[in-house]
J.: 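One structure is given below, represented as structure tokens, and several questions about it will come after.
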Number of protein chains: 4
Amino acid sequence: MLNRIILIGRLTRDPELRYTPQGVPVASFSLAVDRPFANQQGQREADFIDCVAWRKLGETVGNHLTKGRLVAVEGRLQIRSYEAQDGTKRKVAEVIADSVRFLDRPRDGQVPGSPADVGMTDDVAFPDDLPF
Amino acid sequence: MLNRIILIGRLTRDPELRYTPQGVPVASFSLAVDRPFANQQGQREADFIDCVAWRKLGETVGNHLTKGRLVAVEGRLQIRSYEAQDGTKRKVAEVIADSVRFLDRPRDGQVPGSPADVGMTDDVAFPDDLPF
Amino acid sequence: MLNRIILIGRLTRDPELRYTPQGVPVASFSLAVDRPFANQQGQREADFIDCVAWRKLGETVGNHLTKGRLVAVEGRLQIRSYEAQDGTKRKVAEVIADSVRFLDRPRDGQVPGSPADVGMTDDVAFPDDLPF
Amino acid sequence: MLNRIILIGRLTRDPELRYTPQGVPVASFSLAVDRPFANQQGQREADFIDCVAWRKLGETVGNHLTKGRLVAVEGRLQIRSYEAQDGTKRKVAEVIADSVRFLDRPRDGQVPGSPADVGMTDDVAFPDDLPF
DNA sequence: TTTT
DNA sequence: TTTT
């Protein structure tokens, strides 16, 4: 009935922007989110969280974000279940973003024209999770 | 750097309460969280989200919650990566709860003595609002 | 750049549904949200938080919610500053809701036809804070 | 029963660090949080939100943050009611922070030794994710 | 009293 | 496959 997640982290690689057969843009990216404490070996680990952005938000993400950029993502956690080729059940967990804010400025010469310190929001109400 | 998730949903089955070798209680449970819209067949789907509660919160969950109960869970999303027996990489996504609130009353004869409409929090509760 | 609040609480009174001169519906309501700990006298206090819902969501709130109902509200915290008649500066803090979920069923004979256990979301993207 | 707010914004001035008569540190600061849309005059407004941090978190805030710094604050919204000298009822809304993360680096020569890109949390940090 |  |  309520499913809300807010993350701040850095992109582990450049986003991938693709299009559905119907031409709907969808960007995939992965965030490294540092855990708030050290593990038993005294190291600070991170969670690597897959995110998806659809439509206009997806295009903004795909066109302006790059590996290493710091962002705040708001969305919901979606769990998809499927059967693998070997017949075992698998699950995919991903955050369906409805807002992505850029929290640092791009490094020089990275993405010309990228909107520094600007956020994008996806307020249009569509089914954000076509099975693509 | 920030990882916060808030869910409202119903337990898909009774929680499992176990103990680490060191005797630390840990409860596992799964929530069905209805999606906010219908899919293309007009049906309302749900995400089935695995949750974990440690220590005192784990015991409360294990002792007082049952299948079907409505709860609000606050926590963080944790992704664990591991290698399966067949050598493939797998991931486990689970919400590490630091607060679980009970939003309905148990059905009659369910769990004698369960604290209806009562929440439990993993945090130490300081009066953060002395009138200073 | 990011402003997100999630509350679970009970309405302290019936909501007030009004309309702007342009006919836009807006519902005002107040939530009692129990604090997570007891104060120094051992009593559990609550925060009384003013909320506002616009348009279709406002009508749903105004038509289906009543004093005492348990709800989950998602929105943003808005602070309006103004000058009182005596020339002093005052502030109004209110939560602009973009989603309200009903977490209990109405008491018998309360609101005929009210959608029990149903949530409403306001996904349309408008300026949610006309100075009304 | 649940009261969670997450903000990203900039300090409108240097924080004030004070101490209760019992010696408990408490820092007050105010955040400018840009609204996600423009008003009817096409200008982007901000909400100015008062925040409070207690104890160790308060000291970190008081000692390391300065006007203009970008932070993420997690906490709860607290409403205090009181009677003014003229007999009228007033309310104070403030966010009681339990985590403050620094999202930019201090400007040169600002606060020597300040922990750049480091967050502080009020919570006790248990390894909530023993591999069990 | 308002930040970039 | 992992970010600063």
Side-chain angles (χ1 to χ4, degrees), chain A residues 7-16 28-36 43-51 61 65-73 92-94 100-107 110 115-119, chain B residues 1-3 78-83 87-91 93, chain C residues 1-3 78-83 87-91 93, chain D residues 7-16 28-36 43-51 61 65-73 92-94 100-107 110 115-119:
Chain A
L7 303 171
I8 298 180
R10 291 186 185 276
L11 275 81
T12 62
R13 54 178 190 279
D14 290 348
E16 279 177 48
S28 303
F29 58 106
S30 165
L31 281 190
V33 181
D34 291 326
R35 294 190 181 160
Q43 299 146 195
R44 202 113 166 282
E45 291 175 271
D47 290 292
F48 297 96
I49 302 179
D50 291 323
C51 300
V61 162
L65 284 179
T66 49
K67 175 176 174 172
R69 293 291 307 275
L70 183 69
V71 295
V73 169
V92 172
E94 47 199 7
V100 177
R101 312 225 155 244
F102 305 173
L103 296 176
D104 57 5
R105 344 197 101 250
R107 305 253 206 92
Q110 276 264 46
D117 208 27
V118 161
Chain B
M1 312 204 43
L2 187 149
N3 181 337
Q78 179 175 272
I79 308 287
R80 275 186 295 141
S81 297
Y82 67 97
E83 196 160 309
T88 58
K89 308 270 188 229
R90 306 280 177 82
K91 286 176 183 182
Chain C
M1 313 201 45
L2 186 149
N3 180 339
Q78 179 174 273
I79 308 287
R80 274 186 296 142
S81 297
Y82 67 97
E83 196 160 309
T88 59
K89 307 267 188 234
R90 305 281 177 83
K91 288 177 184 179
Chain D
L7 303 171
I8 296 180
R10 291 186 185 276
L11 275 80
T12 61
R13 53 177 193 279
D14 291 348
E16 280 179 47
S28 303
F29 58 107
S30 167
L31 281 190
V33 181
D34 291 326
R35 294 190 182 160
Q43 301 146 193
R44 201 113 167 284
E45 291 175 273
D47 290 292
F48 297 95
I49 302 180
D50 292 322
C51 301
V61 162
L65 286 179
T66 49
K67 176 176 173 169
R69 294 291 305 276
L70 182 69
V71 295
V73 169
V92 172
E94 48 200 4
V100 177
R101 312 227 154 241
F102 304 174
L103 296 175
D104 58 4
R105 347 197 98 250
R107 305 254 204 90
Q110 276 267 48
D117 208 27
V118 161

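The sequence lines fix the lettering, A, B, ..., with proteins before strands; numbering per chain opens at 1.
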J.: In whole angstrom, what separates C/Ile79's CD1 from E/dT2's P?
T.: 15 Å
J.: Distance check needed: F/dT4 P versus D/Arg105 CZ, whole Å only.
T.: 12 Å
J.: Within this structure, what is the CZ-to-C1' distance between A/Arg13 and F/dT3, rounded to whole angstrom?
T.: 11 Å
J.: State whether C/Lys89 places a side-chain N or O below 4.0 Å from either non-bridging phosphate oxygen (OP1 or OP2) of E/dT1.
T.: yes
J.: Under the side chain to side chain donor-acceptor pair (under 3.5 Å) test, which residues partner B/Glu83, sequence neighbours left out?
T.: B/Lys89
J.: Need one value for D/Gly68: base, sugar-phosphate or nothing, where a base atom within 4.0 Å counts as base even if backbone is also close, heavy atoms only.
T.: sugar-phosphate
J.: Please pick, from F/dT2, E/dT2, E/dT3, the nucleotide with the shortest atom-to-atom distance to any side-chain atom of B/Lys91.
T.: F/dT2
J.: Rounding to an integer number of Å, can you tell me how far D/Asp50 CG sits from E/dT1 P?
T.: 13 Å
J.: Where the side chain of B/Ser81 is defined as all heavy atoms beyond and including C-beta, which of F/dT2, E/dT1, E/dT3 is the nearest nucleotide?
T.: F/dT2
J.: Tell me the closest heavy-atom pair linking A/Val33 and A/Ile8, and the distance in Å.
T.: CG1-O, 3.6 Å
J.: I want to verify a distance call: between E/dT4, E/dT2, F/dT3, whose nearest atom is closest to the D/Ser30 side chain?
T.: E/dT2
J.: For B/Thr88, check side chain to side chain donor-acceptor pair (under 3.5 Å) against everything at least two apart and list the hits.
T.: B/Asp86, B/Arg90
J.: Spell out, as yes or no, whether a donor-acceptor pair under 3.5 Å connects the side chain of D/Asp50 to the backbone of D/Glu94.
T.: no
